[in-house]
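Data block below; observations after.
Only a predicted model underlies this, so the values are computations on that prediction, with no experimental measurement involved. We count ligands from 1, going down the list as the structure has it; atoms in each ligand are counted the same way.
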Amino acid sequence: ALAAEAASRGAKVTLVTTVGLPAPRAADVVRVETAAEMDDAVRAVASGADVVVMAAAVADFRPTRVAERKLKKHDGVPEIVLEPTTDILAALGERKQPGQVLVGFAAETERLREHAAAKLAAKRVDLMVANDVSAPDAGFEVDTNRAVLLDSTGSAEETPLLEKRELAGIILDRIVRLLGKEA
Ligand code: CTP
């Protein structure tokens with residue numbers, strides 16, 4: 001919805017996604033599968049972008065070892081050791097281009113504003129879209145969402161339950177305002 005809304009407003013959009021949903025025709029689409037592939041793809045385009053929106057729910061951990069062949073049941077219950085993936089958004093925050101607007105999403109199930117505000121500061125983003133992903137009508141797998149929009153001034157705006165395309169419009173309006181300030 002964000003890519004479609006940005007493209008319809010005339011932005012040149014690159015959509016990096018793991019999701020097979022139809023993409024807006026005007027967008028360049030880069031399909032990836034893993035957090036590492038997403039990191040590479042985002043890195044390749046972010047330095048030339050005025051705006052980066054990280055809406056993906058990226059896996060935080062990956063197995064340290066990938067089996068080369070099928071694990072046999074008679075070998076017993078395998079121990080799966082995990083290691084952290086790169087935090088793509090935090091890395092973008094560290095090397096933010098002057099004037100670039102960085103937007104993050106915060107998926108929370110409790111203490112929404114507090115956790116989202118902490119992420120906004122830690123990842124040095126300009127706008128954080130916080131959503132309660134435990135609500136059945138918001139977040140993953142549904143076409144609606146409600147969000148709290150937090151910015152670095154400490155302001156918080158709560159939206160009602162909206163179609164995702166409508167929420168995308170509100171997020172894009174905020175991005176346009178932030179771009180005006182950065183210019
Ligand atoms: N994110 C990212 N790379 C990761 C994990 C998260 O770029 N490896 C980004 C998401 O795209 C989102 C923001 O960071 O814009 C917050 O993601 P979220 O899953 O809410 O939080 P985490 O930072 O992973 O923290 P936690 O899981 O502890 O809540």
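- Both Leu178 and Val129 belong to a common hydrophobic cluster when Ile, Leu, Val, Met, Phe, Trp and Tyr are linked at side-chain heavy-atom distances under 4.5 angstrom.
- Salt bridge status for Asp151 with Arg174: present, with a side-chain N to carboxylate O gap under 4.0 Å.
- Not counting sequence neighbours, the partners of Arg62 by the side chain to side chain donor-acceptor pair (under 3.5 Å) test are Glu83.
- Taking the charged nitrogens against the carboxylate oxygens, Asp132 and Arg146 have no contact shorter than 4.0 Å, which rules out a salt bridge.
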Tabulation required: pairs of a nitrogen or oxygen in ligand 1 and a protein nitrogen or oxygen under 3.5 Å; columns are atom names and distance to 0.1 Å; otherwise 'none'.
{"unit_1": "ligand 1", "atom_1": "3 (N)", "unit_2": "Ile88", "atom_2": "N", "d": "3.1"}
{"unit_1": "ligand 1", "atom_1": "7 (O)", "unit_2": "Ile88", "atom_2": "N", "d": "3.3"}
{"unit_1": "ligand 1", "atom_1": "7 (O)", "unit_2": "Leu89", "atom_2": "N", "d": "2.8"}
{"unit_1": "ligand 1", "atom_1": "8 (N)", "unit_2": "Thr85", "atom_2": "OG1", "d": "3.4"}
{"unit_1": "ligand 1", "atom_1": "8 (N)", "unit_2": "Thr86", "atom_2": "O", "d": "2.9"}
{"unit_1": "ligand 1", "atom_1": "11 (O)", "unit_2": "Met54", "atom_2": "O", "d": "3.4"}
{"unit_1": "ligand 1", "atom_1": "11 (O)", "unit_2": "Ala56", "atom_2": "O", "d": "2.6"}
{"unit_1": "ligand 1", "atom_1": "14 (O)", "unit_2": "Lys123", "atom_2": "NZ", "d": "2.9"}
{"unit_1": "ligand 1", "atom_1": "15 (O)", "unit_2": "Met54", "atom_2": "O", "d": "2.7"}
{"unit_1": "ligand 1", "atom_1": "15 (O)", "unit_2": "Phe105", "atom_2": "N", "d": "2.9"}
{"unit_1": "ligand 1", "atom_1": "15 (O)", "unit_2": "Phe105", "atom_2": "O", "d": "3.2"}
{"unit_1": "ligand 1", "atom_1": "20 (O)", "unit_2": "Ala107", "atom_2": "N", "d": "2.9"}
{"unit_1": "ligand 1", "atom_1": "20 (O)", "unit_2": "Lys119", "atom_2": "NZ", "d": "2.7"}
{"unit_1": "ligand 1", "atom_1": "21 (O)", "unit_2": "Lys119", "atom_2": "NZ", "d": "2.9"}
{"unit_1": "ligand 1", "atom_1": "23 (O)", "unit_2": "Lys123", "atom_2": "NZ", "d": "2.5"}
{"unit_1": "ligand 1", "atom_1": "24 (O)", "unit_2": "Asp60", "atom_2": "OD1", "d": "2.9"}
{"unit_1": "ligand 1", "atom_1": "24 (O)", "unit_2": "Asp60", "atom_2": "OD2", "d": "3.2"}
{"unit_1": "ligand 1", "atom_1": "27 (O)", "unit_2": "Asp60", "atom_2": "OD2", "d": "3.0"}
{"unit_1": "ligand 1", "atom_1": "29 (O)", "unit_2": "Lys119", "atom_2": "NZ", "d": "2.9"}

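- With sequence neighbours excluded, the residues forming a side chain to side chain contact (heavy atoms under 4.5 Å, CB included) with Lys72 are Lys70, His74, Asp75, listed by chain and number.
- Here Met38 is tied into one hydrophobic group with Val16, Val30, Val32, Val42, Val52, Met54, Val58, Ile88, Leu89, Leu92, Leu102, Leu112, Leu120, Val125, Met128, Val148, Leu150, each link being a pair of ILVMFWY side chains closer than 4.5 Å.
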